[in-house]
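Contents: one structure, followed by commentary.
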There are 4 protein chains.
Amino acid sequence: MPAPQAMRRRILEAAVATLAAEGVSASTAAMAKRAGIAQGSIFHHFESKAGLLNALYLELAEEVRAAVLADIPAAGLREQLLVVWGRWLDWAAEHPARRRSLMLLSLSDVITAESRAGSARNQAAGVELFQRAAAGGPLDGQPIAFLGAVVEGVAYAAMDAIQRDPERAGQYHAAGFAALWNLLRPA
Amino acid sequence: MPAPQAMRRRILEAAVATLAAEGVSASTAAMAKRAGIAQGSIFHHFESKAGLLNALYLELAEEVRAAVLADIPAAGLREQLLVVWGRWLDWAAEHPARRRSLMLLSLSDVITAESRAGSARNQAAGVELFQRAAAGGPLDGQPIAFLGAVVEGVAYAAMDAIQRDPERAGQYHAAGFAALWNLLRPA
Amino acid sequence: MPAPQAMRRRILEAAVATLAAEGVSASTAAMAKRAGIAQGSIFHHFESKAGLLNALYLELAEEVRAAVLADIPAAGLREQLLVVWGRWLDWAAEHPARRRSLMLLSLSDVITAESRAGSARNQAAGVELFQRAAAGGPLDGQPIAFLGAVVEGVAYAAMDAIQRDPERAGQYHAAGFAALWNLLRPA
Amino acid sequence: MPAPQAMRRRILEAAVATLAAEGVSASTAAMAKRAGIAQGSIFHHFESKAGLLNALYLELAEEVRAAVLADIPAAGLREQLLVVWGRWLDWAAEHPARRRSLMLLSLSDVITAESRAGSARNQAAGVELFQRAAAGGPLDGQPIAFLGAVVEGVAYAAMDAIQRDPERAGQYHAAGFAALWNLLRPA
DNA sequence: CATGAATGAGCGTTCATTCAT
DNA sequence: GATGAATGAACGCTCATTCAT
């Protein structure tokens, strides 16, 4: 019973690496090879390629949530957001292949509406923090999906900048957060 | 040769529709079918699928630029940005398939570095406007690529919101712009 | 009326060059391009690709015959054969593309039995010379086709050697002829 | 994996038959059909069509060598050559499709220089026999490639004659050998 | 006649999935 | 379970040939 889960993990890790390297069109054979198993064995653990990719999408989304939202210290709202911001950028910087896979998957049409909804539910707690920060600002009262997308847009811009130019990571981290805070707060 | 350009256009339009409907992995056969021509005929007008997609990418990028940046009225910076913002969201709302295609293409690795550079050059005038608006704000002095990505992130969030919920288009338009202006300006 | 023949010639010359460069699978489009005409124009001068290749085969075969067998001086048999041998090797050395095309065509199955028969008839006079030389030797009385093939085999070996190593052309010329003469004569 | 080699063999046999029947441009689909397998299955056993054809070329070349050069009896040079000559003609007569395939392949440009070199190395022992027989004759001291080509040319002429007119096989066999021996020996 | 765009069958190759071992 | 050979539909692309201009 421990083995099946371990095999599943190995396949998912291999899938991350393969996706990051070759895009969503990476073959299941390439994933199997990277996992060190036979081509056909993947299908003992996942119903289909689509099933595997959806499972991976959910795992990665949950991983981000855990990395970013676990044990947020009791503190002022700005300090809490700063913690979240920092963890988010750090996760992206430390796991570029995972970030790339997650992004490729979220843009691919193999990810079902159900998977997307699950992922969104997952991140609700995080968005809610930003929602509180938006009180009185221009996005006060806007739907969560909109607010979340705005925040995500700014965060992805910072992640891309850091990945492109890691030596100025601190500068992008600080400027990005200042911009985001500005964006949320009343003028 | 009554209209070699007309056939090219028909293929590109069919490609937009097919990409929007089926993703980047849409087959050239599907595009040909939608264009009402034989499969092989595509290759009289484009060297390869990659060539077709790059041409489409450049056309769409130029189309956005023309729609958004043409004849910006002499006015205060805020009014100019508001014009740009409005035209951008309008283009997206009016051409959802084109927007989706452009996004899918820009995330795909068939688009060459050269195409991307051409597109970036194209949009330089627009980004420069935002750069001027950022003076004194948290993104003052940041690289153009970072600033552009932040602005794009906010704009895409607004476009998605409007597409999801067109009845509140005005609200997303106004709140998005206020947030963007806040983000750029000094606290 | 002069023009049609000129165009035909141009196409055949282009076909030779294209065949030599790209093999029998060379496209008619490539030949048309090399001839400086439109793809479709080839089919105003030749019924089909197969028709073109058969015509080329016959032209080349006739060209060899003319180059090798025209005006053979009255002389002893050995001297006559030496003239033929020399002209044959010279033609091959001077027209490698034509030789290669002729060989490719003769091995291809687009050349009909009729074309082959025509070419064989053409060369009968030449083979007859060798037949006379074979009198009393081991091939005396053998069918013309067999005798011709043997002679051809020796000649092609010499041509290949000269093409591979042109500096020793004289040596291959002389040794090849001596071997051929030995082969034909009584022990 | 009951017999991975068996499938490989079946494909190679089907390739021989298909090549002999349709020429080098025979499709892999036709080979698969003749082998009774799916089109795609060929590519589990061979990397590509070119890989398959090169493998076939090497197998056939080795097969000829084994059939012709194995266990040559200790005897006078003439008797040894006669054994080789006989085995060579017999192999060709018994395996016309294999001979035709080998010839088509050797003239095709899908066969790599490496394959050709391997095949040449393979046959060195045979050519060396003819080289010894050439001592004192017109081809004494000529490069192996030239000598080999001459011998091959005479042999192929005999094979063709036998194939065309099997009833006189003995006559072509004897006359061909006499001619070859004459060719090699001093006048 | 010349043109070259259009055709559509066919090519070599890939790949998710199945299944006998 | 694990294996990997087998499948066959699909893919991007080529090409001889046709035909409206």
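Chain letters run A, B, ... following the sequence lines, proteins first, then strands; residues in each count from 1.
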Report each atom pair, protein N/O against N/O of nucleotides 15-17 of chain E, whose distance is under 3.5 angstrom.
{"residue": "E/dA16", "atom": "OP1", "partner": "A/Lys49", "partner atom": "NZ", "Å": "2.9"}
{"residue": "E/dA16", "atom": "OP2", "partner": "A/Thr28", "partner atom": "N", "Å": "2.7"}
{"residue": "E/dA16", "atom": "OP2", "partner": "A/Thr28", "partner atom": "OG1", "Å": "2.7"}
{"residue": "E/dT17", "atom": "OP2", "partner": "A/Lys49", "partner atom": "N", "Å": "2.8"}

Exercise. Can you tell me which stems DNA chain E forms, taking runs of 3 or more consecutive Watson-Crick or G-U pairs with both distances under 3.5 Å?
Key: E:2-21 with F:2-21
Quiz prompt | Point-to-point distance, once rounded to the nearest 0.5 Å, from CG of D/Asn54 to OG of D/Ser119 | solution = 11.0 Å
Practice problem: Starting at atom CD1 of A/Ile37, determine the distance to atom P of F/dG1, rounded to an integer number of angstrom. | Solution: 13 Å
Exercise. Show your reasoning for whether side-chain contact (heavy atoms from CB on, under 4.5 Å) applies to D/Arg100 and D/Gln163.
Key: CA-CA 11 Å; D/Arg100 181 161 158 75; D/Gln163 192 162 340; over 6 Å; no
Quiz item: Looking for any heavy atom pair under 4.0 Å, which part of the strands does C/Ile42 touch: base, sugar-phosphate only, or nothing?
Solution: nothing
Practice problem: Let me know the distance between CZ of D/Phe46 and C1' of E/dT13, rounded to the nearest Å. | Solution: 16 Å
Quiz prompt | Lys/Arg N to Asp/Glu carboxylate O, A/Glu13 vs A/Arg10, below 4.0 Å | solution = no
Self-check item: Residues within residues 105-113 of chain A bordering DNA chain F, heavy-atom distance below 4.0 Å
Solution: none
Quiz item: Just how far is it from atom CZ of A/Arg98 to atom CD of A/Glu59, taken to the nearest 0.5 Å?
Solution: 8.5 Å
Self-check item: Atom-to-atom span, NZ of B/Lys33 to P of E/dT7 - whole angstrom
Solution: 15 Å
Quiz item: With respect to the side chain of A/Ala38, which nucleotide from F/dG4, E/dA5, F/dT7 is positioned closest?
Solution: F/dG4
Practice problem: Mind jotting down which residue pairs meet the side chain to side chain donor-acceptor pair (under 3.5 Å) criterion with at least one end in residues 16-40 of chain A? Sequence neighbours excluded, please. | Solution: A/Thr18-A/Arg34
Quiz item: Expressed in angstrom and rounded to an integer, what is the separation of B/Leu53 atom CG from F/dG12 atom C1'?
Solution: 12 Å
Exercise. Please round to the nearest 0.5 Å and tell me the distance separating atom CD1 of A/Ile37 and atom NE2 of A/His45.
Key: 6.0 Å
Exercise. Name all residues meeting the side chain to side chain donor-acceptor pair (under 3.5 Å) criterion together with A/Arg116; count only those two or more places apart in sequence or in a different chain, and write none if there are none.
Key: none
Practice problem: Working to the nearest 0.5 Å, report the span between CZ of A/Arg99 and OH of A/Tyr156. | Solution: 7.5 Å
Quiz prompt | Spacing of B/Tyr57 atom OH and B/Leu19 atom CG [to the nearest 0.5 Å] | solution = 14.0 Å
Quiz item: Are any of the side-chain heavy atoms of D/Leu56 and D/Phe46 separated by less than 4.5 Å?
Solution: no
Practice problem: Grab the CG-P distance between D/Leu52 and E/dC11 for me, whole Å please. | Solution: 15 Å
Listed pairs under 3.5 Å, donor-acceptor, residues 103-111 of chain B side chains, sequence neighbours left out:
{"residue": "B/Ser106", "atom": "OG", "partner": "B/Leu102", "partner atom": "O", "Å": "3.4"}
{"residue": "B/Ser106", "atom": "OG", "partner": "B/Met103", "partner atom": "O", "Å": "3.0"}
{"residue": "B/Ser108", "atom": "OG", "partner": "B/Val110", "partner atom": "N", "Å": "2.9"}

Quiz item: B/Gln5 has an atom CD; how far is it from atom P of E/dG4, in whole Å?
Solution: 15 Å
Practice problem: Output yes when at least one side-chain N/O atom of A/His45 is less than 4.0 Å from OP1 or OP2 of F/dG1, else no. | Solution: no
Self-check item: For atom CZ of B/Arg8 and atom P of E/dA6, their distance in whole Å
Solution: 13 Å
